[in-house]
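A quick write-up on the structure given underneath.
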Amino acid sequence: MIKIFKQLGRHWAACIAVVALLFVQAYCDLSLPDYTSKIVDIGIQQGGIESPVPETVRDTTLQALELLMSEQDAALAEQWYSAPDADGVRTLSHDATAAMSELENAFATPDIVLYMAAAQNAATAAGTADAVTPTAYDLDAVATQFAAMSQAPGAREMLQSQLAAAFASLDDSVASSLSSQAMLLVALEYEAQGIAHDVQMGYLLRTGGRMLALTLLMVAVAIAVGFIASRVSAGIGRDLRRDVFRTVVGYSNAEIEKFSTASLITRTTNDIQQVQFVCVILLRMVAYAPILGIGGILHVAGGNTGLTWIIFVAVAALLLLIAVLMNVAMPKFKQMQTLVDRLNLVSREILTGIMPIRAFSREAFEEKRFDRANTDLMRTQLFTNRTMVAMMPFMTLIMNGTSLLIVWFGGKAMDMGTMQVGEMIAFITYTMQIVMSFLMLSMVAVMLPRAGVAADRIDEVVTTHATIHDPAAPKSLPENGTEGVVAFNDVSFRYPGSEEDALEHISFTARPGETTAIIGSTGCGKSTLLNLIPRFYDATAGSVTIGGVDVRELTQAQLHDCLGYVPQKGVLFSGTIDSNLKFGGDHITDADVQKATEIAQAADFISAKAEGFASPIAQGGSNVSGGQKQRLSIARAIAKHPQIYLFDDSFSALDYKTDVALRRALKAETGSATVIIVAQRISTVLHANQIIVLDEGRIVGKGTHAQLMESCPEYREIARSQLSQKELNLQKEDA
C-alpha cells in the first residue's frame, strides 16, 4: 500500500486538484437531497411558501394579523410593509431580510390563530363540528371581523392574554403540528390574491433550477476528476514500465535468471496494470468515499429526526461483514499473482517449444501440464470471486433493511408530526450515501491486497540492483596499440548459487591480427568463458583485461563499443534487414552494411528478396532460416567495425562451403582485429593462430592445430571424432 501511495505522491499536484474537485462534487451530491426535501415539503405540500411572513398581503388581512400581535410586533410589521396599492395589497420590503427572523416570530402565532378562525368560520357555515378547509371567502369574513374588533379599546390586550393562556396549555407535539398552519394562512392569503399558483411554480422553478445547476456542476467535476485520475494512473503506469524496463535492461544474466523471463513479463504488464487500475480507484472512490460519508453523517446529525442510530447500526453491520470477508479472501489474493506467473511460464515454454513437442508427440502431456496451471488459477479466482459475489447480497440486505427501518420509524415520526415526507426522503438518501461510501471502501479493500502484492513485485524488480555495474572512477582504454589485446589472468568463475566453479584458473592472451579459438566438449565452459569478456558475468577470481585494463574498471558502454559480439543463438529484432544490420550504432553506413553482408555470405539471399535490405524481419527472425539468421548476426557485428570480435559458436548452422568462404573473407576483413571464436567443429578452428582446449572448466591444451595434435589427447580425440584419418594425414603433411 505504501508503495502505491508513493507512486501517487509523484503526482501530488494532480492529487490535490482531484481532492479539491471531490469536495465540490460531494457538496453538490450532499446538497441535492436537501433540495429534494424542500421541493416535496415546501414546493408541493406548502405551495412554495417558505415563511409565515407573506411576500404580499392585503391591507385588511394585515390589520387582522396586527391585532393579534403585540404593539411592538405590529409596529415592526408596519415598518417593513409598503403602503397599500390601488388593489389594497401591501408588499414586503426587499430590505427585510435582516429582520426576517423577528418578523417570523411576530407573524407565526397570528397566522395560526387567523387560520383556525377561518377554519372555524368555514365549519360554522357548513353546519358541522368537523374540521373544514377554509376558503378565501372565509379568510375575508374573519379578517373583516378582526378589523372591526381593532376599533374597540383594549381589544389587543384582551386577545393577547387569551392567546398566551391557550398556547401555554398545549404540549410540544400539538404546538409543532399547529406551526404548519401558519404556512396555510399565507397560502390562503395568496389564493385570495389569485397568485398562489404563480408563487408555487416560481418556487419549484427556482429550486429545480438550482438542483439542475448543481447536477451539471457535479457532472462537470466528475468528468474532470475522471480525466485527471486517468492521466495520473496512465502516467504512473508509464513511469513504472519505464523504471522496470530500464532496470531489467541493466541486469546481468544472474538477475534475469533469478526472476525468469515469464515473471518479468508478468510484472511489466499484468502487475503494472493492477497498480494503474487501483490508482484510478483510489483517486475516484477512496478519496471520495470518506468525504461523502462524513458529509452525510454531518447532515443527518444536524437534523432532529431521532433516527441517527439506524445509520450507526448499518455502518457497524457493514464493517463486520467487510472484516469477515477480508480474513477469508486475503490469503487467496496473495496466491493469485504467483499462479498467474506459473501460467505464463508454462504457456511461454509450450509456445516456444511447440516444434519439439510435436516431434516427440507430447501434445497430450503438455496440455495436461497447462491444464493443471490453468485449473489452479481458475480455482483461486473462483474462490475470490464467489467470496466477493457473496458480499453483494449481504450488502443489499443491509441497505434494504436500513431503508425499512427508516420508513418504519420515519412513518411513526410523521404520524406524530415531528417529521415531514421530504425530510424522510432526504434522510433515506443521506443514509444510502453513507452506506454507499462504506460499500465503495469495501470494494477497494478487496482490490488493494492484490494491487499491494503487484506493487511489491514491481518494487522487487526496481530495487534489485544489477550485480554488474559501472565503476565509480572508470578508466579509459590505452591508445598505444594494445587496446585490442584480451588477456585472461588466472580467471575462475562460479555461477550464483552453485557449489563448484564453472571455470578454473584460465590464463591466455588473444592479440590483434590473430584468431584465438576455444574448443571443447559440450558443457565445458566455452560460452561461459566468452561471456566474461563483455561482462555478462564477472569473474569470481582473477581478471579479464583489454589493453591491460580490467574490464570491471571500464564503463559498460565503452567496453561494448569495442566489441562485436555474435551470440550462439542468432537474435534478430522486428524491423527490416537494414535496421538489424545497423543495430550497432548510427555511425554504420549503407556501404558498411553492403560490405558486411558480402563478407558474411548473406548478400545473395538478401538480393534475392524483392525488397532487398528493406525486407521485413518478423519478431525473433522467425521468417528467415537458421543459417540466414546466423549470417545476418555475423554481418551485424562486422558492420560495426569493432576492435575485438567474439563469435560464440556462430558458424554451427552454416554448411562447410559457406563456413570456409565466410572465414576466408572474415580473415581478410579482420586482419588488425582480435578474433575469438568458440566452436564445436575442428574445421572452424583449424587455421586459428591459437587454440584453447577446455575440459571441465580447465585449460588442458593451448597451441596451434599441429601442436595440439601432438601434445593434447583431448584435442586429438575431438579431431579424430570429426575428421577421417586421411584428412588428419593431409593436415599433418601440410603442417
Side-chain angles (χ1 to χ4, degrees), residues 1 3-4 233 236-237 240-241 244 248 256-282 285-286 318 321-358 360-397 439-461 619:
M1 277 304 300
K3 297 178 180 68
I4 295 175
S233 65
I236 288 172
L240 286 176
R241 282 189 290 271
V244 170
V248 171
I256 296 292
E257 291 167 2
K258 171 188 173 183
F259 287 106
S260 84
T261 304
S263 179
L264 288 172
I265 292 173
T266 305
R267 294 172 197 237
T268 310
T269 53
N270 182 270
D271 288 354
I272 291 178
Q273 285 175 355
Q274 290 287 335
V275 173
Q276 186 172 334
F277 176 71
V278 88
C279 284
V280 174
I281 299 300
L282 284 172
M285 291 177 64
V286 175
L318 281 173
L321 176 63
I322 294 168
V324 171
L325 290 175
M326 287 301 98
N327 286 330
V328 172
M330 189 78 71
K332 294 294 183 180
F333 277 117
K334 293 181 179 178
Q335 292 177 11
M336 197 176 297
Q337 294 303 107
T338 305
L339 293 174
V340 170
D341 270 358
R342 175 65 183 164
L343 182 65
N344 284 342
L345 176 64
V346 172
S347 301
R348 193 170 185 274
E349 284 182 346
I350 293 172
L351 294 174
T352 305
I354 192 69
M355 295 179 69
I357 290 170
R358 289 176 180 172
F360 286 90
S361 299
R362 298 290 287 175
E363 292 93 340
F365 174 81
E366 294 300 333
E367 285 175 7
K368 290 179 181 178
R369 190 160 74 100
F370 177 83
D371 189 56
R372 281 196 299 271
N374 192 26
T375 302
D376 289 342
L377 178 60
M378 178 200 69
R379 286 173 180 166
T380 305
Q381 289 177 333
L382 279 177
F383 181 86
T384 54
N385 290 339
R386 284 168 182 164
T387 305
M388 294 305 104
V389 167
M391 181 177 68
M392 294 311 299
F394 287 108
M395 291 287 184
T396 305
L397 177 63
L439 181 59
M440 284 190 283
L441 289 176
S442 67
M443 293 176 64
V444 172
V446 170
M447 302 172 189
L448 283 181
R450 188 174 181 185
V453 172
D456 289 339
R457 285 158 50 85
I458 296 166
D459 189 67
E460 185 182 5
V461 174
Q619 182 181 3

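Just so we're clear, the structure is a prediction, and the values are computed from it rather than from any experiment.
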key: Distance in Å, L351 CG paired with E366 CD, rounded so as to fall on 0.5 Å steps   = 10.5 Å
task = With the side chain counted from C-beta on, respond yes when I236 and L240 share a heavy-atom pair under 4.5 Å apart, and no when they do not.
result = yes
inquiry  = Would you say that more than 12 heavy atoms from the other residues, nucleotides or ligands in this model lie under 6.0 Å from the CZ of R386, or not?
reply    = no
message = Tell me the closest heavy-atom pair linking G353 and P356, and the distance in Å.
response = O-CD, 3.2 Å
query = Given side chains that start at C-beta, do those of M378 and L382 come closer than 4.5 Å, heavy atoms only?
reply = yes
query = How long is the gap from CD1 on I272 to OG1 on T266, to the nearest 0.5 Å?
reply = 11.0 Å
inquiry  = Once rounded to the nearest 0.5 Å, what's the spacing between atom CZ of R457 and atom CG of N270?
reply    = 8.0 Å
note = Interatomic distance, CD1@I458 vs CG@L264, rounded to 0.5 Å, equals 12.0 Å
request  = Report the distance from atom CD1 of I357 to atom CD of E349, rounding to the nearest 0.5 Å.
outcome  = 9.0 Å
ask   = Once you round to the nearest 0.5 Å, how far does CG of N374 lie from CZ of R379?
value = 11.0 Å
Where A454 and D271 come nearest, the two heavy atoms and their spacing = CB-O, 3.6 Å
request  = For atom CZ of F277, decide whether the heavy atoms of other residues, nucleotides or ligands shown that lie under 6.0 angstrom number more than 12.
outcome  = no
message = Minimum heavy-atom separation for F370 and V346, please, with both atom names.
response = CA-CG1, 3.9 Å
inquiry  = I need the minimum non-hydrogen distance between D376 and T380, along with the two atoms involved.
reply    = O-OG1, 3.0 Å
request  = Please tell me if the side chains of R358 and M355 come closer than 4.5 Å, counting only heavy atoms from C-beta onward.
outcome  = no
key: Partner residues of Q276 under the side chain to side chain donor-acceptor pair (under 3.5 Å) criterion, sequence neighbours left out   = none
